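Have a look at the structure below before the remarks.
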Amino acid sequence: MKRIHDAGLVERFIKHPAIWPFVTDDDCGQIEDWKPVMAPHVHWLLSDDGGALFMVYPLQMRLWEAHSHVLPEFRTNTVGYYRAGMEYLKHNTQCARLLGFIPSGNYRAKRAAEAAGMKKAAVLARCCMKGGRLIDMTMYEAEIGNV
């Protein structure tokens, strides 16, 4: 897992047809207008094999949020990618607790988060507009170990 700063690579990855529909909601705008946030506090992490991309950033110094994106042909490795991302945070940041928010219906991401050691922390009711309707998000958390 390595940190990258290539906005073009991030944009191509997120706009992949198998990624975009799962990482956006109705309020994200049009795909052609989307640009990645490239800021010092945002860590874009690419797996060594190029199959997964994570966006992680601090909400507070020791509380971080993660967004995961895994290409279809690499999804058998998703749990390993999640774990590698958490290891990166443990050794390269001050993150002590990691949060992830997964929309209802994304069962693959929920199973992977749980298999990687994340725990279901809360269900946030009707907070994400998807397909013209409000859906729930499940918040997952993991202890990273930087206390």
Side-chain angles (χ1 to χ4, degrees), residues 1-60 63-90 92-93 95-144:
M1 193 70 56
K2 62 186 172 279
R3 186 173 185 183
I4 62 167
H5 302 279
D6 183 340
L9 173 62
V10 170
E11 187 173 343
R12 286 188 303 278
F13 204 103
I14 300 298
K15 289 181 176 181
H16 187 286
I19 302 290
W20 180 259
F22 294 97
V23 299
T24 57
D25 59 27
D26 293 358
D27 300 315
C28 283
Q30 300 299 313
I31 190 171
E32 59 272 7
D33 298 328
W34 185 87
K35 299 290 181 208
V37 174
M38 304 303 287
H41 69 282
V42 176
H43 292 236
W44 288 99
L45 307 177
L46 183 67
S47 64
D48 294 338
D49 61 9
L53 179 72
F54 294 87
M55 176 188 186
V56 293
Y57 54 90
L59 298 172
Q60 297 179 346
L63 177 66
W64 287 51
E65 182 176 340
H67 299 267
S68 64
H69 319 92
V70 181
L71 294 170
E73 59 270 28
F74 292 90
R75 288 188 177 149
T76 57
N77 301 328
T78 300
V79 173
Y81 295 141
Y82 279 34
R83 289 179 179 149
M86 288 187 269
E87 280 296 308
Y88 172 92
L89 291 172
K90 181 176 182 176
N92 296 284
T93 72
C95 177
R97 183 166 301 277
L98 181 65
L99 301 178
F101 298 88
I102 303 173
S104 62
N106 193 340
Y107 303 109
R108 184 182 322 122
K110 289 179 181 184
R111 284 191 304 271
E114 291 171 4
M118 297 189 82
K119 306 285 185 218
K120 183 177 173 180
V123 174
L124 308 170
R126 300 172 41 84
C127 65
C128 177
M129 185 67 73
K130 189 83 169 167
R133 54 186 264 269
L134 285 169
I135 62 171
D136 298 347
M137 298 276 277
T138 303
M139 182 175 73
Y140 283 84
E141 64 179 352
E143 286 188 37
I144 299 302

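As the structure is a prediction and not an experimental result, all values here were calculated from the model.
Across all non-hydrogen atoms, the minimal contact from Ala142 to Gly117 is CB-O, 4.5 Å. Residue Asp25 comes nearest to Cys128 through the heavy atom pair CB-SG, 3.7 Å, listed as atom of the first residue, atom of the second, then distance. Nearest approach of Ile135 to Pro103, heavy atoms of both residues: CD1-CB, 3.8 Å. Minimum interatomic distance between Val10 and Pro36 (heavy atoms only, all atoms of both residues): CG1-CB, 3.5 Å. Here the shortest heavy-atom pairing between Asp6 and Gly8 reads OD1-N, 3.0 Å. The minimum heavy-atom distance between Leu89 and Ile144, with the atom names listed, is C-CG2, 4.1 Å.
Heavy-atom contacts from other residues, nucleotides or ligands closer than 6.0 Å to NZ of Lys110 number more than 12. Open room surrounds CD on Gln30; 12 or fewer heavy atoms of other groups in view lie less than 6.0 Å from it. The number of heavy atoms from other shown groups lying within 6.0 Å of CZ (Arg3) is above 12. Environment of CD in Gln60: sparse, with no more than 12 heavy atoms of neighbouring residues, nucleotides or ligands closer than 6.0 Å.
Between Arg108 and Val70, every side-chain heavy-atom pair lies at or beyond the 4.5 Å cut-off. At a threshold of 4.5 Å between non-hydrogen side-chain atoms, the residues Phe22 and His69 do not count as touching. When side chains are defined from C-beta on, Glu87 does not count as touching Met1, because their heavy atoms never get closer than 4.5 Å. Within the 4.5 Å cutoff, no side-chain heavy atoms of Leu59 are placed close to those of Trp64. Taking 4.5 Å as the limit, every side-chain heavy atom of Phe13 sits out of range of all side-chain heavy atoms of Trp44. When side chains are defined from C-beta on, Glu65 does not count as touching Val56, because their heavy atoms never get closer than 4.5 Å. Residues Ile31 and Thr24 fail the side-chain proximity criterion, which asks for heavy atoms closer than 4.5 Å.
Atom CE in Met118 sits 12.5 Å away from atom CZ in Arg83 (nearest 0.5 Å). To the nearest 0.5 Å, atom CG of residue Leu134 and atom SG of residue Cys127 are 8.5 Å apart. Distance check: Ile102 CD1 to Met137 CE gives 8.5 Å after rounding to the nearest 0.5 Å. Of the inter-residue distances, the one linking Asp49 atom CG with Leu71 atom CG reads 9.0 Å to the nearest 0.5 angstrom. Note: Cys28 SG to Lys130 NZ = 7.5 Å, rounded to the nearest 0.5 Å. Between the OG atom of Ser47 and the NZ atom of Lys2 there is a distance of 7.0 Å, given to the nearest 0.5 Å.
Here the side chain of Lys35 pairs no donor or acceptor atom with the backbone of Ala7 at under 3.5 angstrom.
For the side chain to side chain donor-acceptor pair (under 3.5 Å) test, residues two or more places apart in sequence or in another chain that qualify with Tyr88 are His43. Not counting sequence neighbours, His16 has no partner by the side chain to side chain donor-acceptor pair (under 3.5 Å) test.
Each of Phe54, Tyr57, Phe101 was evaluated against His67; a single residue qualifies, Tyr57, per the side chain to side chain contact (heavy atoms under 4.5 Å, CB included) test.
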